[in-house]
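Data first, discussion second: the structure below is written as structure tokens.
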Number of protein chains: 2
Amino acid sequence: MRYSTDHKQQTREKLLASSGVLAKRGGFASTGVAELMKAIGLTGGAFYNHFPSKDDLFSEVVRRELCNSPFARLASQGADRERLRRCLKQYLSLAHLHNPEGGCPLPPLGVEIARAERPVREQAEHWLLELQAAWSETLGDERRAWALISQCVGALVVGRMLASEEVQQQVLDASRDVVEQALEED
Amino acid sequence: MRYSTDHKQQTREKLLASSGVLAKRGGFASTGVAELMKAIGLTGGAFYNHFPSKDDLFSEVVRRELCNSPFARLASQGADRERLRRCLKQYLSLAHLHNPEGGCPLPPLGVEIARAERPVREQAEHWLLELQAAWSETLGDERRAWALISQCVGALVVGRMLASEEVQQQVLDASRDVVEQALEED
DNA sequence: GTCTATACGATGATAGAC
DNA sequence: GTCTATCATCGTATAGAC
């Protein structure tokens, strides 16, 4: 065979990673198959050797993005308060706000996940439940964990809607305060 | 003239209202001009008698949706704590979560606003600053106002990503607790 | 103002050469 | 596996009849 068997795996992985970036930047629905393939140096026709449809790619992109999310490592390995604090401080930064393509998939892809078929939402739910369980352990409060997740995702969604960096910083700082308060309480 | 002058105004208003609903339901970019016009009983060709382009419609839809948002009345007229509490309880309800087309535009349209041109983000910012100012008055804390806005928007974005109503209710309840706590403190 | 018809590009997806 | 060529459909936007 002209192409080794793991070449297909590598191409698939490159496509998943690159598509995650493009989807978080400009939206998944708004990005065509040809554009996704061109980003990894291929043409649109080759796409269907890797995924049966564009929707299937979305499902896999979501799965991969969630596993590689800045939150993910805190979900798998139990996190002490200090580690969680540092992670959320970085999450609620202007650097993250201005870099959706390299950041958490929840703010930029959340709405598209919400409109996707049930299996996609189920895997999002499964991952979010794991995250919430991990944070509950750290915080000692299951409800505060959910509230903190919503707080962080909301801050980025709201912040990215804004035009001026000043106000964006205000929004982020306000949520940082909430995080600090939640992590200092018993 | 076969059509009265205010007939055009009425058509425009119907188009704005209907497009807001469709955009919040399925996304603005994903909804074609023909579909938007068909929803008010017209064909696609008539669209350009009312707006020079689809992007211009989006800008007007965002403006109108913000002014008619469940938050809007609380922004214009100063709100006492009790009024704000009742509004946020309704905001953080399963009824609202399952009815994006009739609810707040921030969760379903926020990401598209973030990717829109600067003027769109500027008017979103202007409106959000007014809302934050009003809530600051009620809460007596400018930062808590921003945090509360992010909390509410985030809860709906996260909740709508989920598959099961149980977990959705948990996410909403967690943010309700935060709202109650913020409104009870001095 | 609204219609139909149309231009023209982009879309998701397929077929067959290599 | 990837390419080019192609299909059918849809997208935004325009032109002209009524």
Side-chain angles (χ1 to χ4, degrees), chain A residues 1-23 25-62 109 112-113 115-117 119-120, chain B residues 1-62 109 111-113 115-117 119-120:
Chain A
M1 52 186 100
R2 284 185 52 192
Y3 296 90
S4 60
T5 55
D6 70 317
H7 175 252
K8 182 165 186 177
Q9 284 181 340
Q10 287 177 9
T11 299
R12 181 191 161 99
E13 170 58 23
K14 271 199 293 185
L15 178 57
L16 282 171
S18 173
S19 298
V21 169
L22 294 180
R25 183 187 300 157
F28 182 79
S30 306
T31 310
V33 169
E35 185 177 345
L36 296 174
M37 294 299 284
K38 188 177 181 181
I40 60 168
L42 298 179
T43 58
F47 172 82
Y48 298 91
N49 272 306
H50 301 277
F51 294 95
S53 76
K54 201 194 173 198
D55 280 353
D56 287 279
L57 171 64
F58 182 65
S59 178
E60 290 302 307
V61 164
V62 168
L109 297 185
E112 288 190 271
I113 294 172
R115 295 180 184 132
E117 297 301 304
V120 177
Chain B
M1 53 187 99
R2 285 183 54 191
Y3 297 90
S4 60
T5 54
D6 71 316
H7 175 250
K8 182 165 184 177
Q9 285 181 341
Q10 288 178 9
T11 300
R12 182 191 160 99
E13 170 59 22
K14 271 199 293 184
L15 177 57
L16 282 171
S18 173
S19 298
V21 170
L22 294 180
K24 288 188 287 183
R25 183 186 301 157
F28 182 78
S30 306
T31 310
V33 169
E35 185 178 347
L36 296 174
M37 295 300 284
K38 188 177 182 181
I40 59 169
L42 299 179
T43 57
F47 172 82
Y48 298 90
N49 271 306
H50 302 277
F51 294 94
S53 75
K54 201 195 171 194
D55 281 353
D56 287 279
L57 171 66
F58 182 64
S59 178
E60 291 302 306
V61 163
V62 168
L109 297 185
V111 182
E112 288 190 271
I113 294 173
R115 295 179 184 134
E117 296 301 304
V120 177

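Both backbone and side-chain heavy atoms feed into the values below; hydrogens, waters and symmetry mates do not. In what follows, chains carry the letters A, B, and so on, assigned in the order in which the sequence lines appear, proteins first and then strands, with residues in each chain numbered from 1.
- Atom CG in L42(A) sits about 20 Å away from atom P in dC18(C), given to the nearest Å.
- Between the NE2 atom of H7(B) and the P atom of dG1(C) there is a distance of 8 Å, rounded to whole Å.
- Shortest non-hydrogen contact noted between L36(A) and S19(A) is CD2-OG, 3.8 Å.
- Counting only N and O atoms by type, the side chains of D56(B) and S53(B) include a donor and acceptor under 3.5 Å apart.
- Every pair tested for salt bridge (charged side-chain N to carboxylate O under 4.0 Å, His left out) that includes a residue from residues 41-52 of chain A fails, sequence neighbours excluded, so the list is empty.
- Each salt bridge (charged side-chain N to carboxylate O under 4.0 Å, His left out) pair with one or both residues in residues 24-51 of chain B, not counting sequence neighbours, appears once here: K24(B)-E65(B), R25(B)-E101(B).
- In this structure, K54(A) forms a cation-pi arrangement with F28(A), its terminal cationic atom sitting closer than 6.0 Å to the ring centre and no more than 45° off the ring axis.
- Atom pair F47(B):CZ and dA5(C):C1' shows a separation of 19 Å (rounding to whole Å applied).
- Counting to the nearest Å, the C1' atom of dG12(C) and the NE2 atom of H50(A) are 16 Å from each other.
- Note that OG1 of T11(B) and CG of D6(B) are 9.5 Å apart. Values are rounded to the nearest 0.5 Å.
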**Item:** Letter per nucleotide, 5' to 3', of nucleotides 7-12 of chain D [B base touched, S only sugar-phosphate touched, - untouched; heavy atoms, 4.0 Å]
**Value:** ----SS

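- In this structure, the NZ atom of K38(A) is 12 Å from the P atom of dT4(D), given to the nearest Å.
- Between K8(B) and G44(B), it is K8(B) whose nearest contact on DNA chain C lies nearer the 5' terminus.
- Whole-Å rounding puts the F51(B) CZ to dG1(C) C1' distance at 14 Å.
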